[in-house]
Amino acid sequence: MLRNLSIKNYALIDELNVSFTKGFTSITGETGAGKSILLGGLSLVLGKRADLNALRRNDEKCIIEAEFEIAKYKLNDFFKIHDLDYEDATIIRREILPSGKSRAFINDTPITLAILSQLGKQLIDVHSQHETMQLATNDFQLKVVDALADNSSLLKNYEKQLISYKTISKELVDLLDSQESATKEHDYNSFLLQELESATLKLGMQEELEEQYEQLNNVENIIEQLATGHTLLNDEQIGILNLLNELKLVSSKLSNFGTQYKLLSERIQSVSIELDDIAVELQSFQDNVEANPQLLEEVGAKLQTLFDLQKKHHVSNVSDLLDIKAHLEEKVSVTENLDANIKAKEKELSETKQELQHLAKQLTDSRLKILPQLKKQLEESLVVLGMANASFKIEITRASDFKLNGVDDLTFLFSANKGADYGELKKVASGGELSRIMLSIKSILAKYEHLPTLMFDEIDTGVSGEISNKMGDIMLAMSKTMQIFSITHLPQVASKGDHHFKVYKIDENGVTHTRMKQLTVEERIVELAEMLGGKDVSDSALAHARQLLN
């Protein structure tokens with residue numbers, strides 16, 4: 001509920017600070033006294049766009065601050081989502097700077113106007129006579145029906161399923177679009193992949209091929225060098241092995257003369273063994289190396305294939321070619337699997353749609369079941385408000401597609417008089433009738449869901465004294481479970497308030513100011529008497545005012 005409202009430098013208000021409590025609060029004042037200014041200021045902290053012309057003094061900023069008690073509104077998730085500090089006593093502040101810029105804060109945290117507006121709708125519901133036209137909207141009518149039918153849990157499940165349905169539908173469209181474009185590329189990608197697969201790529205192959213090519217391309221030189229090496233080791237006159245054998249004999253004779261000579265002999269023996277192995281290996285290489293023009297051509301062709309692929313794909317090594325091959329394999333695989341993926345997605349969409357249709361039917365059935373009760377409660381409430389012959393015809397028809405709240409279109413027809421044709425509310429109901437219908441609907445809603453603070457702005461305009469008395473009774477009854485404000489010109493309504501505030505203007509030093517104050521019992525009697533009979537208050541008017549208060 002609204003606990004406090006502070007307004008500085010707004011329209012005719014220099015500074016205003018007023019506190020409110022629970023129950024029914026009536027607000028009165030002469031035409032032009034500034035009741036609309038009060039509402040205008042309040043609307044700014046509820047998220048309405050600011051107008052620079054609203055500043056009373058153009059060289060100072062306008063500050064409007066409202067404190068709300070929100071413990072019962074279950075807004076913790078809202079504060080968490082928007083990264084706001086939650087407080088049971090939450091303060092909203094709006095500032096309009098002389099430059100025209102506007103700032104908004106929730107518990108001193110800067111927020112956007114969109115977030116402020118979202119929160120404002122959950123704190124105060126302002127109704128004026130011209131705003132009763134929302135009665136004719138399908139969404140509002142369904143909201144009323146769903147409140148009576150207690151469809152909140154069912155609606156949440158439906159909304160969740162609808163989100164899934166739309167998500168899957170988009171994924172299917174994306175798959176179909178991908179299939180169309182991928183099919184065009186599939187043949188080319190398959191050709192590129194085939195080229196890479198034919199090359200039998202593996203890491204290190206380029207280095208191996210280049211080494212093999214160098215050997216095959218220089219085979220004559222290799223054979224010549226191997227022969228020379230073999231001769232150097234094995235020649236009978238100058239061969240290293242023959243000379244080494246003589247050295248072994250010398251070292252063997254020395255080995256008996258001391259440890260150091262023995263070690264030297266062993267080292268020479270090791271060298272001899274190693275050179276024998278080298279001689280054998282040189283002979284083996286020499287026996288096995290031969291010219292192979294065909295193999296040389298094959299190796300050269302493989303290398304050329306690698307170089308061509310690298311040039312084609314703008315890379316410089318086999319590793320990059322393997323990465324490209326993997327990427328092409330994935331693209332080709334995705335394209336080849338698209339049909340299966342599309343069929344799977346179509347099946348998923350069909351199953352989701354079936355569940356959505358099931359939930360939508362549950363909503364429809366629940367709504368159809370509650371319609372007679374809504375019709376009865378509305379008509380009974382309007383009898384009290386002087387519309388004894390008011391009658392409603394409420395029907396549900398199926399919409400062409402899934403909507404945010406189901407698949408139902410609500411036909412909400414009204415007739416104010418016996419024998420009169422039924423018609424759309426906005427076409428056949430007068431302003432006064434719409435006001436009473438709206439009040440009836442709000443009073444019914446208050447029994448089924450926790451509504452925010454309600455502020456009725458001259459919703460009783462154009463109704464008689466007796467009917468306004470009944471309207472006041474309804475507002476008073478609603479105020480037992482919620483905070484109610486009524487800005488009114490009718491003493492019958494004003495007298496029902498648990499609290500009574502008066503908005504008035506004063507002139508100081510040639511400047512007009514708007515003020516607001518809470519009336520005492522005696523001040524209320526005078527105010528009501530003036531509302532009954534004008535400024536010249538008579539004894540009968542005072543007596544009537546006391547009677548109204550009693």
Side-chain angles (χ1 to χ4, degrees), residues 125 127 129 131-155 158 359-399 403-451 454 456 459-460 462-463 466-468 470-478 480-482:
D125 192 358
H127 285 282
Q129 193 175 75
E131 287 171 332
T132 55
M133 292 309 295
Q134 70 169 305
L135 274 170
T137 65
N138 206 262
D139 285 345
F140 180 79
Q141 293 166 1
L142 281 172
K143 180 181 177 182
V144 176
V145 173
D146 287 330
L148 269 67
D150 193 21
N151 284 338
S152 58
S153 177
L154 187 55
L155 274 169
Y158 171 86
L359 292 169
K361 186 178 184 302
Q362 286 184 291
L363 276 172
T364 302
D365 293 343
S366 177
R367 289 163 175 169
L368 286 169
K369 187 176 179 181
I370 205 67
L371 289 185
Q373 181 180 335
L374 173 60
K375 171 181 166 67
K376 180 182 178 184
Q377 289 192 40
L378 267 177
E379 291 175 352
E380 288 178 350
S381 177
L382 290 174
V383 168
V384 177
L385 294 176
M387 298 171 66
N389 297 319
S391 176
F392 292 90
K393 184 183 289 185
I394 311 173
E395 298 174 346
I396 287 178
T397 55
R398 184 177 177 83
K403 303 191 298 181
L404 292 176
N405 54 6
V407 293
D408 299 328
D409 282 330
L410 202 61
T411 305
F412 209 91
L413 302 178
F414 172 71
S415 172
N417 303 297
K418 285 184 178 180
D421 292 334
Y422 286 93
E424 295 181 38
L425 272 173
K426 61 182 178 181
K427 293 182 178 179
V428 300
S430 66
E433 288 169 340
L434 284 173
S435 296
R436 282 176 274 179
I437 294 170
M438 176 60 89
L439 179 60
S440 295
I441 286 177
K442 286 296 180 181
S443 66
I444 293 170
L445 278 175
K447 300 174 185 176
Y448 295 91
E449 62 177 19
H450 188 77
L451 298 178
L454 274 175
F456 294 104
I459 197 173
D460 47 23
V463 299
E466 180 55 33
I467 299 305
S468 65
K470 298 296 183 182
M471 293 180 79
D473 287 337
I474 291 175
M475 293 179 194
L476 181 60
M478 292 173 68
K480 302 305 178 186
T481 56
M482 59 189 300

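Sequential numbering from 1 along the given sequence is applied to the chain's residues.
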Peer 1: Applying side-chain contact (heavy atoms from CB on, under 4.5 Å), run through Ile437 and Leu382 and close with a yes or a no.
Peer 2: CA-CA 7 Å; Ile437 294 170; Leu382 290 174; 4.0 Å; yes
Peer 1: Return the CD to OG1 distance between Gln141 and Thr411, rounded to the nearest 0.5 Å.
Peer 2: 8.5 Å
Peer 1: Could you give the distance from NZ (Lys393) to OG (Ser415), rounded to the nearest 0.5 Å?
Peer 2: 9.5 Å
Peer 1: What distance separates Thr481 OG1 from Leu451 CG, expressed to the nearest 0.5 Å?
Peer 2: 8.0 Å
Peer 1: Is the closest side-chain heavy-atom distance between Ile474 and Leu385 below 4.5 Å?
Peer 2: yes
Peer 1: To the closest 0.5 Å, what do you measure between CZ (Arg398) and NZ (Lys361)?
Peer 2: 10.5 Å
Peer 1: Could you tell me whether the side chain of Val144 reaches within less than 4.5 Å of the side chain of Ile444, counting heavy atoms only?
Peer 2: no
Peer 1: Of all residues at least two apart in sequence or in a different chain, which pass the ring pair (Phe, Tyr, Trp, His ring centres under 6.0 Å) check with Phe414?
Peer 2: Phe392
Peer 1: Are any of the side-chain heavy atoms of Glu380 and Leu378 separated by less than 4.5 Å?
Peer 2: no
Peer 1: For Lys375, check salt bridge (Lys or Arg N to Asp or Glu O under 4.0 Å) against everything at least two apart and list the hits.
Peer 2: Glu379
Peer 1: Between Tyr158 (side chain) and Leu363 (backbone), is there a donor-acceptor pair under 3.5 Å?
Peer 2: no
Peer 1: How many angstroms lie between atom CG of Leu439 and atom CZ of Phe456, to the nearest 0.5 angstrom?
Peer 2: 5.0 Å
Peer 1: With a cut-off of 6.0 Å (strictly less than), are more than 12 heavy atoms of other residues, nucleotides or ligands near NZ of Lys442?
Peer 2: yes
Peer 1: Determine whether Asn138 and Asp409 make a side-chain contact, defined as any pair of heavy atoms from C-beta on separated by less than 4.5 Å.
Peer 2: yes
Peer 1: Measuring from atom CD1 of Ile459 to atom CG of Leu454, what distance do you get when rounded to the nearest 0.5 angstrom?
Peer 2: 9.0 Å
Peer 1: Under the 3.5 angstrom rule, does the side chain of Ser440 hit a backbone N or O of Arg436 as a donor-acceptor pair?
Peer 2: yes
Peer 1: Can you find a heavy atom in the side chain of Asp150 that is under 4.5 Å from one in the side chain of Tyr448?
Peer 2: no
Peer 1: Do Asp408 and Lys403 sit within salt-bridge range, that is, some charged N less than 4.0 Å from a carboxylate O?
Peer 2: no
Peer 1: Which heavy-atom pair separates Gly406 from Arg367 by the least distance, and what is that distance?
Peer 2: CA-NH1, 4.4 Å
Peer 1: For the residue pair Ser366 and Asn151, confirm or rule out a side-chain donor-acceptor distance under 3.5 Å.
Peer 2: yes
Peer 1: Under 3.5 Å, side chain of Asn389 to main-chain N/O of Ala416, donor-acceptor pair present?
Peer 2: no
